[in-house]
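Accompanying notes for the structure given below.
Hydrogens, waters and symmetry mates play no part in the numbers below; they use all other heavy atoms, side chains included.
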Amino acid sequence: MKTTIITLIISLLTIIGFGQKLELEKASPFTAVTWDNDQPVVECNNEWYHFEKLDHFDKDELIRFCKKEYNTRWKKRFSEDLVEVLRSLNYIPNKDVYLVLSRNGVAKTYTGTFTFENRQSCLHYNNISKPSKKNTISKEKTKKSIGKTEAIEDIKQFKEILDNRSSYSQLSNFNYYTAIDEIITLILKREDSIQIDELVYEISKVMAEIGDRHASIKNESFDKKNHESYEQKLPFGITILDKQVIAVKKGFRNNSYQYYYKNYPYIKSINGIHIDTLITNYNYRDKKAPKEAKLTRGANAIEQYGSLLFNNNKRNLKRVEVMFTDGKNEKKDIHKLTLDSKGYVSTLRIANYNAIKNTTNTGQFDSLKRLLTDNIGYIKIPMMFNYKKVDSLEHFIETTMKEFSNTKALIIDIRNNPGGTRDILQTFANYMIPQGQSPWVANVGYLRTNKIIDTDEHSMSSRYLYSYNSAEFSNSDRVAIDEFNKTYKIEQEFDHSKFSGPFYMVLKHKKTFYKQPVYILVNESSFSAATVFTAAYKGLPNIKVVGVTTDGSSGNSKEMYLTNSNIKVKVSTMLSFQRNGKTLDGNGTEPDIYIPIDIEQIFTGKDTQLEKLVAIINDRK
């Protein structure tokens, strides 16, 4: 009776909102977690207890969910990522929660507080408690193959993930049912077990056809050191010029390049396989990328020829036959693969990498801004940083925008930006949304779910996506959404019964509006949140997107593990649409002003894209 009353009190207090809702992504009510025969033992207030319950979730329910969702990593998830576990159960905990903890068989109710510091303490405890690496590699992790029955069970589990969790599987026209049946037939024909790496290959091909740009299939126990040929590379670099594949080698000066064969600059084939086939079919993981991104990523993959063959379940070679061409005449050569890095790396990419490293390590941001010729402001955003992890960056952006308030134009450079969060997007909105276009509907998302959801959901609100009736929206916001929906049309329809209602990102005008033209400089390596940034502002009268089509992608991805092989499957759980009704995945955002990379930028590292943009700005003034 006493237990029932306690449970009822906890449930009622939880329903009415005991305490403040938790906003932290990484937090814990415990300072450490250890295990007693798979039972969690937690440290609270410097005392150890057996964990029994958190709010209305009892121990067995949480453990069952963790084991099913996270496979061999369930203990790590419980101890280090309890907030994520609860939110995956569609529950946002309060900062203060009720805990039922027991000692010597006697259970008592306590108040626990989710804090980031507690979570870091759990993380530290796990790290110092780990035995040496030699002892941590279990038989489960190191096994290279599994039986046919186990493999088929994992394939069926993968199908369930596509059916119930994946968003883009529901949008794609690809018949993954047939593809999965073919894999099962292939497995049944085998006389013995199947290599886990081969299973990764078969599943990856299916995933690639679906076109989920955030998806990945990975064997985390794979050790490339055990596959010497995996790291073999071509003895020259490959890159893209005018949408064609060229071969280059390092020049005499640092970071400079030249044609590998000046008279035969293009690559036609390798080992008789046409270069287009290598880019599209062999580098299948980027098969559905926008064209420019597909070419660039394909060139990078072909340079790493050993891993390209391995990822296609093909025997590696020590030598390759390469056919070079000038478009008419051809030159055939035999080349020995090498372990040395002789590939092409653009000066722009190196600079972006260094900018990310400098920003995160030093907290010094001044190198990200400069005043260009003729009073043009320039700010480089190398990554879509999370403000919680990079202190003072928001202040730096706001200070820079004030500093540039009287410039003739502003360039925001997000080339090679790999993405991150949407924090920076929100900061720039304060300066970039004209009063006449405010509120501005910038992005629409739908969450893959079999449940009816028409209220805010954490994984969406963390991306500044809210439901129509959200308390985050004002009446004027909803009027803007209504007006937007009059012309908004999704390019590719999907079964809405398998998704939530729409979530909207709405940007608003502020008094600090920047009145001059803004140019967002992008390339085919502007990915994820960087391309969301681009798409959000495209179409505003004061903003132009410049460069080449971005790599797109926005997916709210989740990770799961297949039970027998422990293969990690990451899939997107959200459909993300631009204002034009196209998905970000597979389409990217097209520029208003097309400025591709040229031969001078490839060979010398000179930023001719930026120079051409500056010339355009000055010509228009």
Specify the closest pair of heavy atoms between Leu162 and Ser169, including all atoms of both residues, with the distance to one decimal. O-OG, 2.7 Å
So which atom in Cys66 and which in Trp74 form the shortest heavy-atom distance, rounded to 0.1 Å? O-CB, 3.2 Å
Under a 3.5 Å threshold, yes or no: a donor from one side chain and an acceptor from the other, between Arg422 and Asn443? yes
Validation row: Gln426, Leu507 side chains within 4.5 angstrom (heavy atoms): yes
So does Glu559 pair up with Lys570, basic N to acidic O under 4.0 Å? no
Take Asn219 and Tyr201 through the side-chain hydrogen bond (donor to acceptor under 3.5 Å, both in side chains) test and state the conclusion after the steps. CA-CA 10 Å; Asn219 175 11; Tyr201 163 66; over 6 Å; no
Is a donor from one side chain sitting under 3.5 angstrom from an acceptor on the other, for Thr113 and Thr115? no
Could you tell me whether Arg213 and Asp585 make a salt bridge, using a distance below 4.0 angstrom between a side-chain N and a carboxylate O? no
OG1/Thr449 to NZ/Lys451 distance, rounded to the nearest 0.5 angstrom? 6.5 Å
So, are Glu69 and Arg165 salt-bridged, with charged N and O less than 4.0 Å apart? yes
Rounded to the nearest 0.5 Å, what's the gap from OH on Tyr168 to CZ on Phe494? Could you check? 10.0 Å
Minimum heavy-atom separation for His214 to Ser553, with atom names? ND1-OG, 2.6 Å
Can you see whether Ser467 engages Asn469 through a side-chain donor-acceptor pair at a distance of less than 3.5 angstrom? no
Test Phe428 against every option in Phe533, Phe404, Tyr537 by the ring-ring contact (aromatic ring centres under 6.0 Å, His included) rule and name the one that passes. Phe533
Kindly give the heavy-atom pair with the smallest separation between Glu52 and Ser102, and that separation in Å. OE2-OG, 2.7 Å
Thr362 side chain to Thr359 backbone, donor-acceptor under 3.5 Å: no
Is it the case that Thr111 and Asp96 place a side-chain donor and acceptor less than 3.5 Å from each other? no
What I want to check is whether the side chains of Ser474 and Asp477 have a donor and an acceptor closer together than 3.5 Å. yes
Going by side chain to side chain donor-acceptor pair (under 3.5 Å), Tyr561 matches just one of Lys568, Lys218, Glu220. Which one? Glu220
Look only at the side chain of Ser79 and the backbone of Lys76, and say whether a donor-acceptor pair between them is shorter than 3.5 Å. yes
Distance-only donor-acceptor check, side chains Gln578 and Thr589, under 3.5 Å: yes
Taking NZ, NE, NH1 and NH2 as the nitrogens, is one of them in Asp38 or Lys75 under 4.0 Å from a carboxylate oxygen of the other? yes
Which atom of Ile381 lies closest to which atom of Asn417, heavy atoms considered: O-ND2, 2.8 Å
Main-chain N/O of Ser572 paired to Asp212 side chain as donor or acceptor, under 3.5 Å: yes
Any donor-acceptor pair under 3.5 Å linking the side-chain atoms of Asn386 with those of Thr421? no
Using the rule ring-ring contact (aromatic ring centres under 6.0 Å, His included), only one of Tyr125, Trp35, Phe30 pairs with Trp48; which is it? Tyr125
Rounded to the nearest 0.5 Å, what's the gap from CD on Glu231 to NZ on Lys224? Could you check? 4.5 Å
Rounded to the nearest 0.5 angstrom, the CE-OG1 distance for Met401 and Thr427 is 10.5 Å
Using modelled atom types and a 3.5 Å cut-off, is there a donor and acceptor pairing between side-chain atoms of Asn118 and backbone atoms of Thr31? no
Sub-3.5 Å donor-acceptor pair from the side chain of Ser526 to the main-chain atoms of Ile414, do we have one? yes
I want to check a possible cation-pi pair here: Arg103 against Tyr110, using under 6.0 Å from ring centre and within 45° of the ring axis as the test. no
Taking all non-hydrogen atoms of both residues into account, name the closest pair between Met207 and Ala215 and its distance. CG-CB, 3.6 Å
Carboxylate-amine/guanidinium contact Lys369 Glu403, below 4.0 Å: yes
Output, in order, the C-alpha distance, side-chain angles, deciding distance and verdict of ring-ring contact (aromatic ring centres under 6.0 Å, His included) for Tyr446 and Phe499. CA-CA 6 Å; Tyr446 300 81; Phe499 287 84; 7.1 Å; no
Run the numbers on Ser461 and Glu472 for side-chain hydrogen bond (donor to acceptor under 3.5 Å, both in side chains), then give the verdict. CA-CA 10 Å; Ser461 59; Glu472 296 289 332; over 6 Å; no
Using ring-ring contact (aromatic ring centres under 6.0 Å, His included), reason through Tyr230 and Phe222 one step at a time and then give a plain yes or no. CA-CA 11 Å; Tyr230 184 87; Phe222 173 72; 5.1 Å; yes
Pair Asp81 + Arg119, salt bridge at N-O below 4.0 Å: yes
Sequence neighbours excluded, the answer for side-chain hydrogen bond (donor to acceptor under 3.5 Å, both in side chains) partners of Ser28 is none
State, yes or no, whether a side-chain contact exists between Ile146 and Asp154 at a heavy-atom distance under 4.5 Å. yes
Taking Arg448's backbone N and O only, do any of them form a donor-acceptor pair with Gln170's side chain (distance below 3.5 Å, no angle check)? no
Between Asn352 and Asn416, is there a donor-acceptor pair closer than 3.5 Å when you use the side chain of the first and the backbone of the second? yes
Spacing of OH belonging to Tyr464 relative to CG belonging to Asp423, to within rounding of 0.5 Å: 4.0 Å
Glu153-Thr563 side chain donor-acceptor pair, cut-off 3.5 Å: no
In this structure, CD of Glu398 is separated from CG of Leu393 (nearest 0.5 Å) by 10.0 Å
Side chains of Leu562 and Ile161 in contact at under 4.5 Å (non-hydrogen atoms): yes
